[in-house]
Each structure stands twice: as C-alpha cells, then as structure tokens.
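Heads up, the thing below is written out as structure tokens.
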Amino acid sequence: MRLLSIIKKSSLQFRSLDVAETPRVSLHEVRRQIASAEGVIAHVLSQNRVGALVHNARCALIAGIAAASDKIVLLLQEGSAAQPIDYRDVVSYYGSADNLSTVVEPFVRQVVTRLQVTGGDQPARPEGLLQRLDLGELAAENEIVRLRSYFVETAQFNDARRGNARLLTGRKGAGKTAIFYAVRDSLPHGHSTLVLDLKPEGYQFLELREVVLNKVSAGFQAHTLTAFWQYLL
C-alpha cells in the first residue's frame, strides 16, 4: 500500500502486476511490459509469508530480465532475510513501511533523469499489420492514458455520464474500470466537480468490517453501515 502510494505521488506513469487479478502471466507478456518501461520495481516478501517462495522467484526472474534489458531496477526486500547469493547484493532492505520512501525516492529520481535524457523514446513501430495489432493491457488501470485512443462510448457509458445510472456492475473484464476513467475524463474540471477514486489497496475495508461486526453494538452497526452507504458509496 505504501509503495503504490509513493509511486502515485511521484506522477510517474506505471503499470502493476496484481497476482489476484492476473494469477498467470506469460514470459512473452513480461518481456513486452519490461521493454516498454524505463524502470522496474519488484517487491520480495519475507520468507515467513505464505507463498513467498514462488512470489520471490517470480520477482527475481522479472528483475533479472529488466537488468539484462538495461532498465533501472529496484528489488525491495521486506525485512533482513538473506536472499540467494545470485542477487542479494542488489536487494534494498527496509524494516517498516515508514522507511520505504527513502528507499524508493532514489529509484524515482533515476527514472526521471533517464526520461529527461532520452525524452521517453518509443521503439520503432512495427511494419506488419499483425505486428501493429494491439488489443490493450490486461487491466484498464495499466493504460489509463492510452484508453482515450480506443475507448468505445457504449450505452452504459452514456447513461453514467448523463447521470441516468447511479451504479455500474458487471463481471470481471466487462469494462467497469474503463467506463469509470472515461466518465471521469469527460467531466468538466474545476472546483465544482469532485471525482473520488477508491482503490482497494488504499482502503482497509476488511479491517473496518471486523471492527464493526465484532466490537460495536447492533445499533452502532446499523448506523455505521447506513452512513457508509450514504456518504461514500
């Protein structure tokens, strides 16, 4: 949560690999994502966390591909557990989330410096039709800027923009996030408009639920849920 907060505040455009949303990703896709980036951050978990072995192996592989591609690489380590000798010298350790900004800020400065030098050069455009075919990213969150170039204004989008629809639901991958960003961009900017973007990594809904259900009275539960729906949702 703190890592994503730091990157968002840096104003750098970034993509993230959410293993909950995308549990499997091909090596070809990893290589493509790395090739189009200036820097890569991989977060290595403490060895006492569930699934740390597989997660850390994936991080090591991605960081290795990025290093071989001459990208700026930051390999973060939660805690001080020793990593394999192959890459332990390039791991940056941190003890708590409060100290994370001091570790990430040098990486951000390096990326900004490289962007100023290269001007964010893009690779040469492929000549073949199939090579130029791009079906977009797996998640709309990873291509907010490019979304404007191919978004189709559907009936659901128009209903939401006009205010005829108050709630948008749908299965995963149906385009809910894309519609949200498109509606947000279509609204006039200024003090009279407020768009609140709630992201799961920034809000501990699970902790709120535990507190409400386990530590407060039935009347306070009803009041909290009513207020939550009225003022937030």
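Owing to the predicted nature of the structure, the values given are computational and were not obtained by experimental measurement.
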Original post:
Under the side chain to side chain contact (heavy atoms under 4.5 Å, CB included) criterion, do I65 and S69 qualify, and how do the steps go?
Top reply: CA-CA 6 Å; I65 296 175; S69 305; 4.2 Å; yes
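- Between the side chain of Q77 and the backbone N or O of S92 there is no donor-acceptor pair closer than 3.5 Å.
- Both L12 and I6 are members of a single hydrophobic cluster when ILVMFWY side chains are connected at heavy-atom separations under 4.5 Å.
- With H43 contributing its side chain and E78 its backbone, the two residues share no donor-acceptor pair below 3.5 Å.
- Heavy-atom minimum distance, K71 versus I34: CE-O, 3.1 Å.
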Could you walk me through whether L17 and R58 satisfy the side chain to side chain contact (heavy atoms under 4.5 Å, CB included) test, starting with their C-alpha distance in whole Å, then the side-chain angles of each, then the deciding distance to 0.1 Å, before giving a yes or no? CA-CA 11 Å; L17 174 59; R58 173 185 280 184; 4.0 Å; yes
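- The backbone N or O of T154 sits less than 3.5 Å from a side-chain atom of N158, completing a donor-acceptor pair.
- Here the closest heavy-atom approach between residue L213 and residue Q221 is recorded as O-NE2, 3.5 Å.
- In this structure a side-chain-to-backbone donor-acceptor pair under 3.5 Å is missing from T193 to H189.
- Formation of a donor-acceptor pair under 3.5 Å by the S46 side chain with backbone atoms of R49 is not found in this model.
- With rounding to the nearest 0.5 angstrom, the CG atom of L115 is 5.0 Å from the CD atom of E38.
- A single hydrophobic cluster is seen to contain both V103 and V112, as judged by linkage of ILVMFWY side chains at heavy-atom distances under 4.5 Å, directly or through other members.
- A 6.0 Å sphere centred on CZ of R184 holds more than 12 heavy atoms belonging to other residues, nucleotides or ligands.
- By the 6.0 Å contact criterion, CG on L225 is enclosed, its count of non-hydrogen atoms from other residues, nucleotides or ligands being greater than 12.
- Minimum heavy-atom separation, A52 to L45: CB-CB, 4.3 Å.
- Nearest heavy atoms, V91 versus L76: CG1-C, 4.4 Å.
- Side chain of K8 to backbone of Q13: no donor-acceptor contact under 3.5 angstrom is found.
- Between R161 and S186, the shortest heavy-atom contact is CD-OG, 3.4 Å.
- Residues V30 and V44 do not share a hydrophobic cluster, defined by chaining ILVMFWY side chains whose heavy atoms lie under 4.5 Å apart.
- Residue K176 holds its NZ atom at 13.0 Å from OH of Y181, rounded to the nearest 0.5 Å.
- Hydrophobic clustering (ILVMFWY, side-chain heavy atoms < 4.5 Å, transitive): L75 and L61 are in distinct clusters.
- Atom CD1 of I85 sits in a sparse spot, with 12 or fewer heavy atoms from other residues, nucleotides or ligands closer than 6.0 Å.
- Distance NE2/H191 to CG/L194: 12.0 Å, rounded to 0.5 Å.
- Hydrophobic clustering keeps V25 apart from L53 (ILVMFWY residues linked when any side-chain heavy atoms are closer than 4.5 Å, directly or through intermediates).
- Annotation: side chain of F14 is in contact with side chain of L4 (closest heavy-atom distance under 4.5 Å).
- E210 and K215 are not joined by a salt bridge, as no carboxylate oxygen comes within less than 4.0 angstrom of a charged side-chain nitrogen.
- Taking 4.5 Å as the limit, some side-chain heavy atom of I7 sits within range of a side-chain heavy atom of I41.
- Proximity of the aromatic rings of H223 and F228 is defined here by a centroid distance below 6.0 angstrom, and this criterion is not met.
- Taking both residues in full, the closest heavy atoms of R88 and Y93 are given as O-OH, 3.9 Å, listed atom of the first, atom of the second, then distance.
- Aromatic ring orientation, F151 versus F157: perpendicular (interplanar angle above 60°, classes split at 30° and 60°).
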Side chain to side chain contact (heavy atoms under 4.5 Å, CB included) for E105 and S10? Distances and angles first, verdict last. CA-CA 9 Å; E105 284 176 1; S10 69; over 6 Å; no
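- Inspection of the R2 and S101 side chains reveals no N or O donor paired with an N or O acceptor under 3.5 Å.
- Contact check for V90 versus V73: no side-chain heavy atoms found under the 4.5 Å cut-off.
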inquiry  = Could you go through I62 and V40, starting from their C-alpha distance and side-chain angles, then the distance that decides it, and tell me whether this counts as side chain to side chain contact (heavy atoms under 4.5 Å, CB included)?
reply    = CA-CA 8 Å; I62 292 176; V40 173; 4.0 Å; yes
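- Looking at V216 and T224, their side chains never come closer than 4.5 Å, going by heavy atoms from C-beta outward.
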